[in-house]
Amino acid sequence: MKSFSKDRPEAGVSALVAYAERGLIFLSGIALAAIMLVVVTDVTMRYVLQSPLGWSYDLIGTYLMVCVFFFALSDTMHQHGHISIDFFAHSLPRRFTHASLALGYGLSTAVLAMIVWQAWYRTDAAFSANSLIRSTVPWPTWPSYFMLCVGSALITLRCGLRTVAHAASFVTGREIADMPPPPNTALSGTERGE
């Protein structure tokens, strides 16, 4: 893990966000393992005992998939794991790169903040109304909205931190922001493990 220096304004907050990201990615992994366990159990009971689990798809679709996806978003961004187009990004002037990334992350932060606000609104409404899905098991809907809210809030914080770091890199001309590694095609054979 990258060590944070005192001259990085977002270093302490970033470390706290990274700690929360590790917790959520752990829960995301647990949810993925639960999906596999439920599917194997359902298939086994369906074809061996002719008695499938009537609630398996509702549990997976309503809770587990939401957890897997939204709890992994921020950590994936932190690890530079999201798809990015970097065909000529490394040949652009660094200050231009930092300015454009600060703008992009700033706009993303605003959009994600609206998603968090809507997710919180829906969580509160579903919880207050005791909203249930129509299924064999009437699962409450608010936990799905709450997981969406938590995952979106964390990636909003991560985008905000990236906005600040890239803006500071642009203003100071120093490499304060955490940049993604170069693409694998630019690495030598020994760096790729060949």
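These numbers come from the heavy atoms of this one structure, side chains and all, not from hydrogens, waters or symmetry mates.
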Where at least one partner belongs to residues 63-85, residue pairs that pass salt bridge (Lys or Arg N to Asp or Glu O under 4.0 Å), sequence neighbours excluded: none
Salt bridge (Lys or Arg N to Asp or Glu O under 4.0 Å) contacts in which one or both residues fall within residues 90-114, not counting sequence neighbours: Arg94-Glu175
Least distance between heavy atoms, Thr172 atom then Ala168 atom: OG1-O, 2.7 Å
Point-to-point distance, once rounded to the nearest 0.5 Å, from OH of Tyr19 to CG of Leu24: 11.5 Å
Side chain to side chain contact (heavy atoms under 4.5 Å, CB included) partners for Val39, two or more places apart: Ile35, Val43, Ile60
Within one Ile-Leu-Val-Met-Phe-Trp-Tyr cluster: Met147 and Tyr57, side-chain cutoff 4.5 Å: no
Results of side chain to side chain contact (heavy atoms under 4.5 Å, CB included) for Leu103 - residues two or more places apart only: Leu107
Flag, side chain of Ser144 to backbone of Thr62, donor-acceptor distance under 3.5 Å: yes
Atom CE of Met77 with >12 non-hydrogen neighbours under 6.0 angstrom: yes
Expected output: side-chain Thr141 to main-chain Ala126 donor-acceptor under 3.5 Å: no
Fellow cluster residues of Val171, listed by chain then number, with links counted only when side-chain atoms sit under 4.5 Å apart: Phe170
Test side chain to side chain contact (heavy atoms under 4.5 Å, CB included) applied to Phe70 and Leu73, step by step: CA-CA 5 Å; Phe70 285 101; Leu73 276 178; 3.7 Å; yes
Distance-minimising heavy-atom pair for Val38 and Leu53: O-CD1, 4.2 Å
For Ser74, all residues meeting side-chain hydrogen bond (donor to acceptor under 3.5 Å, both in side chains), sequence neighbours excluded: Glu21
Connected via hydrophobic side-chain network under 4.5 Å: Ile25 and Phe71: no
Pairing residues for Val48 by the side chain to side chain contact (heavy atoms under 4.5 Å, CB included) criterion, not counting sequence neighbours: Thr44
Residue pairs fulfilling ring-ring contact (aromatic ring centres under 6.0 Å, His included) with at least one residue in residues 93-150, sequence neighbours excluded: Tyr63-Trp139, His98-His166, Tyr105-His166, Phe127-Trp142
Contact summary for Val17 and Arg158, nearest pair of heavy atoms: CG1-NH2, 3.5 Å
Any pair counted as salt bridge (Lys or Arg N to Asp or Glu O under 4.0 Å), so long as it reaches residues 37-58, sequence neighbours left out: Asp42-Arg46
Heavy-atom pair of closest approach, residues Ser28 and Ala72: OG-CB, 3.8 Å
Within residues 112-125 or reaching into it, pairs that qualify as salt bridge (Lys or Arg N to Asp or Glu O under 4.0 Å) - sequence neighbours excluded: none
Closest non-hydrogen atom pair, Val116 against Cys149: O-SG, 3.9 Å
Any residue meeting side-chain hydrogen bond (donor to acceptor under 3.5 Å, both in side chains) with Ser100, in chain and number order, not counting sequence neighbours: none
Distance-minimising heavy-atom pair for Ala113 and Thr156: N-OG1, 3.8 Å
Spacing of Thr123 atom OG1 and Gln118 atom CD [to the nearest 0.5 Å]: 10.5 Å
Separation of Met114 CE from Thr109 OG1 (nearest 0.5 Å): 11.0 Å
Side chain to side chain contact (heavy atoms under 4.5 Å, CB included) partners of Thr136, counting only residues at least two apart: none
Reference residue Cys159; test side-chain contact (heavy atoms from CB on, under 4.5 Å); the match among Leu154, Val111, Leu112: Leu112
